[in-house]
Amino acid sequence: MAEPATLLERTCRGVRGPRPPVWIMRQAGRYLPEYRRLREHVDFLTATKTPEIAARITLQPVERFPLDAAILFSDIMTPLEGMGVGLDFAPGPVLDQPVRSEADVRALRTLVPDEHVGFVMETLRLVRAELRRDAALIGFAGAPFTLFCYLVEGGGSKSFTEARAFLHREPRTAAHLLRLLGTSMAAYLVAQARAGADVLMLFDSWAGLLGPRTYGRFVLPVLKETVAAIRAEVDRPVVYFANAASTLMAQVRELGADVVGIDWTLPLSRAVRELGDDAVVQGNLDPAALFAPRAELADAVDEVLAEGATAAAHVFNLGHGIHRATDPDQVAFLVDRVHERSIRKAG
Ligand code: CP3
């Protein structure tokens, strides 16, 4: 295999560079005045479905900050419309109808990416043509269980009680739905890779709602199939972000993703202890630390860098999405700090 072109890809492959690459979860979004300005004229769904607009928004944070990656501007829920789900954002996802029976699951189609979400592939092609060659383009999908949560619940929730009950009340139907989502998201990520995505990420925002037993029974097998289906088709690093999943690390290790994204509640050194010395980790500054005075923010960044140094390789990021009230200048300071600290270390 040829040497990957970007620092992020090399790091995802376990090759430590001169410094950790840095990007920010939800880096394109409402904390950026240029995003808010663009959104005055277009609603969120239209923005995600119009390649020229989605590409512009994808590039906004990379144009403002010296980040090592752009992440596709879209949403984990976007491909579900193609599968037959009626969807709106207010601002979180709201479904026309929850999926609660075998008949509901049967009414869904397996995603055919070029047919159902061709606009995403077009967005990726537009971004790749404009993006600096040394910056990686990240494609992403929702992990099967996180999508399952929204589908069964019918929208957002703190505890997703309906979705978790459904696993136990109708285990066969639940497994069927999870498999359909796994197959569809694998096809989606393969199509994104072919359209120009260098790195593929699965967001499992609600994994932490499950204990190890239920996660091991329902979620891990489908995730393994999803990752295997991707690897059978394309050679791209796969990042698995399991939010609030500190109790699931033994199982996450078994998944064998190239990179594991860690939320801010689990120190990276502890994640590495459970994931193994060869683990590559991504994360995990608390997004709230961006509201600290500069000196404290600098200390918090340095601590994450030191924790990340215990892994085989480290991708610097927040532990979850950036808050919309964040001052963009604080982000600039954070990115500079990662660059500067690493240069001092090398010199
Ligand atoms: O990271 C990026 O910059 C790329 C864009 C991106 C969005 N959503 C745009 C978005 C990504 C990677 C996502 C993933 C996503 N969406 C997740 C997984 C990551 C996580 O946060 O745990 C989840 C759970 C969702 C579902 C979702 N979409 C929620 C809960 C919300 C509302 C909360 C919020 O932040 O407003 C959305 C809407 C959404 N997705 C917005 C954006 C920019 C806000 C819409 C707007 O600008 O009006």
Side-chain angles (χ1 to χ4, degrees), residues 22-49 53-65 67 69-81 85 87-95 120 123-124 127 135-151 153-158 160 163 181 185 188-189 192 197 199-209 239-245 261-265 282-284 287 315 317-326 328 331:
V22 49
W23 69 280
I24 308 283
M25 282 195 274
R26 291 281 181 100
Q27 65 187 23
R30 283 171 297 187
Y31 75 105
L32 288 179
E34 55 269 36
Y35 173 83
R36 288 198 304 268
R37 228 173 292 130
L38 215 150
R39 278 289 317 280
E40 280 169 20
H41 310 289
V42 55
D43 65 87
F44 177 68
L45 265 175
T46 306
T48 59
K49 288 180 189 173
I53 298 174
R56 271 272 47 79
I57 297 175
T58 302
L59 288 161
Q60 280 179 344
V62 200
E63 283 161 359
R64 188 190 261 263
F65 312 113
L67 295 161
I71 180 163
L72 166 72
F73 180 75
S74 186
D75 195 81
I76 57 167
M77 302 298 286
T78 304
L80 298 182
E81 275 195 308
V85 176
L87 180 68
D88 208 348
F89 285 87
V94 184
L95 277 72
V120 167
T123 302
L124 289 167
V127 173
L137 178 53
I138 303 171
F140 73 88
F145 176 67
T146 288
L147 296 176
F148 173 97
C149 281
Y150 286 106
L151 282 178
E153 204 77 24
S157 161
K158 280 201 165 66
F160 286 95
L181 291 166
M185 292 310 114
Y188 186 42
L189 289 173
Q192 290 186 45
V199 171
L200 305 174
M201 181 155 168
L202 281 163
F203 282 94
D204 219 347
S205 307
W206 300 110
L209 290 178
V239 183
Y240 176 64
F241 172 65
N243 186 41
I262 308 287
D263 75 88
W264 72 87
T265 63
Q282 173 173 285
N284 72 346
V315 177
N317 205 319
L318 305 183
H320 204 163
I322 188 167
H323 194 279
R324 76 179 84 163
T326 308
V331 177

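Both ligands and their constituent atoms are indexed starting at 1 by order of listing. Since the model is a prediction, treat every value here as computed from it, not as a measurement. Positions are given from 1 along the sequence.
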Legend entry - From Arg30, Arg36, Arg26, Met201 - option closest to atom 1 (O) of ligand 1 by heavy atom: Arg26
Inset, instruction - Name the closest protein heavy atom to atom 16 (N) of ligand 1, giving the residue it belongs to and the distance to 0.1 Å. - result: Asp75 OD1, 2.9 Å
Legend entry - Interfacing atoms of ligand 1 (cut-off 4.0 Å, heavy-atom, Leu72): 4 (C), 5 (C)
Inset, instruction - Kindly write out the residues that satisfy side-chain hydrogen bond (donor to acceptor under 3.5 Å, both in side chains) with Tyr31, not counting sequence neighbours, or none if the list is empty. - result: none
Inset, instruction - Can you figure out which of His323, Met25, Gln27, Arg39 has its heavy atom closest to atom 46 (C) of ligand 1? - result: Arg39
Legend entry - Atoms of ligand 1 close to Ile71 [distance to a heavy atom under 4.0 angstrom, numbered from 1]: 1 (O), 2 (C), 3 (O), 4 (C)
Legend entry - Point-to-point distance, once rounded to the nearest 0.5 Å, from OG1 of Thr58 to CD of Gln27: 9.0 Å
Inset, instruction - Could you tell me whether a side-chain N or O of Thr123 sits under 3.5 Å from a main-chain N or O of Ala55, the two making a donor and an acceptor? - result: no
Inset, instruction - State whether the shortest distance between N or O atoms of Tyr35 and N or O atoms of ligand 1 falls below 3.5 angstrom. - result: yes
Inset, instruction - Specify side chain, backbone, both or neither for Phe89, according to which of its non-hydrogen atoms lie closer than 4.0 Å to ligand 1. - result: side chain
Inset, instruction - Give yes if a backbone or side-chain nitrogen or oxygen of Trp206 is under 3.5 Å from a nitrogen or oxygen of ligand 1, and no if not. - result: no
Legend entry - Residue Phe140 vicinity, atoms of ligand 1 by number, heavy atom under 4.0 Å: 11 (C), 12 (C)
Legend entry - Atoms in ligand 1 flagged as close to Ala28, the criterion being non-hydrogen separation under 4.0 Å: 3 (O)
Inset, instruction - Mark yes when over 12 heavy atoms from residues, nucleotides or ligands other than Arg36 sit less than 6.0 Å from its CZ; otherwise mark no. - result: yes
Inset, instruction - Mark yes or no for whether Gln192, through its side chain, and Phe140, through its backbone, hold a donor-acceptor pair below 3.5 Å. - result: yes
Inset, instruction - Please work out whether the ring planes of Tyr150 and Phe160 are parallel, tilted or perpendicular, with thresholds of 30° and 60°. - result: perpendicular
Inset, instruction - Looking only at distances, please establish whether an N/O atom of ligand 1 is found under 3.5 Å from an N/O atom of Arg324. - result: no
Inset, instruction - Within a distance under 4.0 Å of any heavy atom of His320, pick out the atoms of ligand 1 and give their elements. - result: 20 (C), 21 (O), 22 (O)
Legend entry - Nearest neighbour in protein (non-hydrogen) for atom 5 (C) of ligand 1: Ser74 O, 3.5 Å
Inset, instruction - Working to the nearest 0.5 Å, report the span between CD1 of Ile57 and OG1 of Thr48. - result: 8.5 Å
Legend entry - Flag side-chain contact, heavy atom, 4.5 Å: Leu38 against Ile53: yes
Legend entry - Heavy-atom nearest neighbour in the protein, as seen from atom 14 (C) of ligand 1, with distance rounded to 0.1 Å: Ile76 CG2, 3.7 Å
Inset, instruction - For Asn317 and Met25, indicate whether the former's side chain and the latter's backbone hold a donor-acceptor pair under 3.5 Å. - result: yes
Inset, instruction - Ignoring hydrogens and angles, tell me if any N or O in the side chain of Asp204 forms a donor-acceptor pair with the backbone of Ala242 under 3.5 Å. - result: no
Legend entry - Any donor-acceptor N/O pair, Asp263 side chain to Ala244 backbone, under 3.5 Å: yes
Inset, instruction - Identify whether the distance between the nearest side-chain nitrogen and carboxylate oxygen of Glu153 and Lys158 falls below 4.0 Å. - result: no
Inset, instruction - With heavy atoms of Gly92 as the reference, note each atom of ligand 1 found under 4.0 Å away. - result: 31 (C), 32 (C)
Legend entry - Asn243 heavy atom under 4.0 Å from ligand 1: no
Legend entry - Polar contact flag for Thr146 and ligand 1 (N/O pairs, less than 3.5 Å): no
Legend entry - Top protein contact for atom 24 (C) of ligand 1, by heavy-atom distance: Tyr150 OH, 3.3 Å
Inset, instruction - Name the closest protein heavy atom to atom 45 (C) of ligand 1, giving the residue it belongs to and the distance to 0.1 Å. - result: Phe44 CD1, 3.6 Å
Legend entry - Heteroatom proximity flag, Trp23 to ligand 1, N/O under 3.5 Å: no
Legend entry - Short side-chain to backbone donor-acceptor contact, Gln60 and Leu32, under 3.5 Å: no
Legend entry - Leu59 backbone acceptor or donor facing Arg56 side chain under 3.5 Å: no
Legend entry - Heavy-atom side-chain proximity of Phe241 to Gln282 below 4.5 angstrom: no
Legend entry - Residue-ligand contact Pro93/ligand 1, heavy atom below 4.0 Å: yes
Legend entry - Options Gly261, Cys149, Pro91, ranked by nearest heavy atom to atom 38 (C) of ligand 1, top entry: Pro91
Legend entry - Part of Pro61 within contact of ligand 1 (heavy atoms, under 4.0 Å): neither
Legend entry - Any N or O of Met77 closer than 3.5 Å to N or O of ligand 1: no
Inset, instruction - Give the residue, atom name and distance (to 0.1 Å) of the protein heavy atom nearest atom 18 (C) of ligand 1. - result: Ser205 OG, 3.1 Å
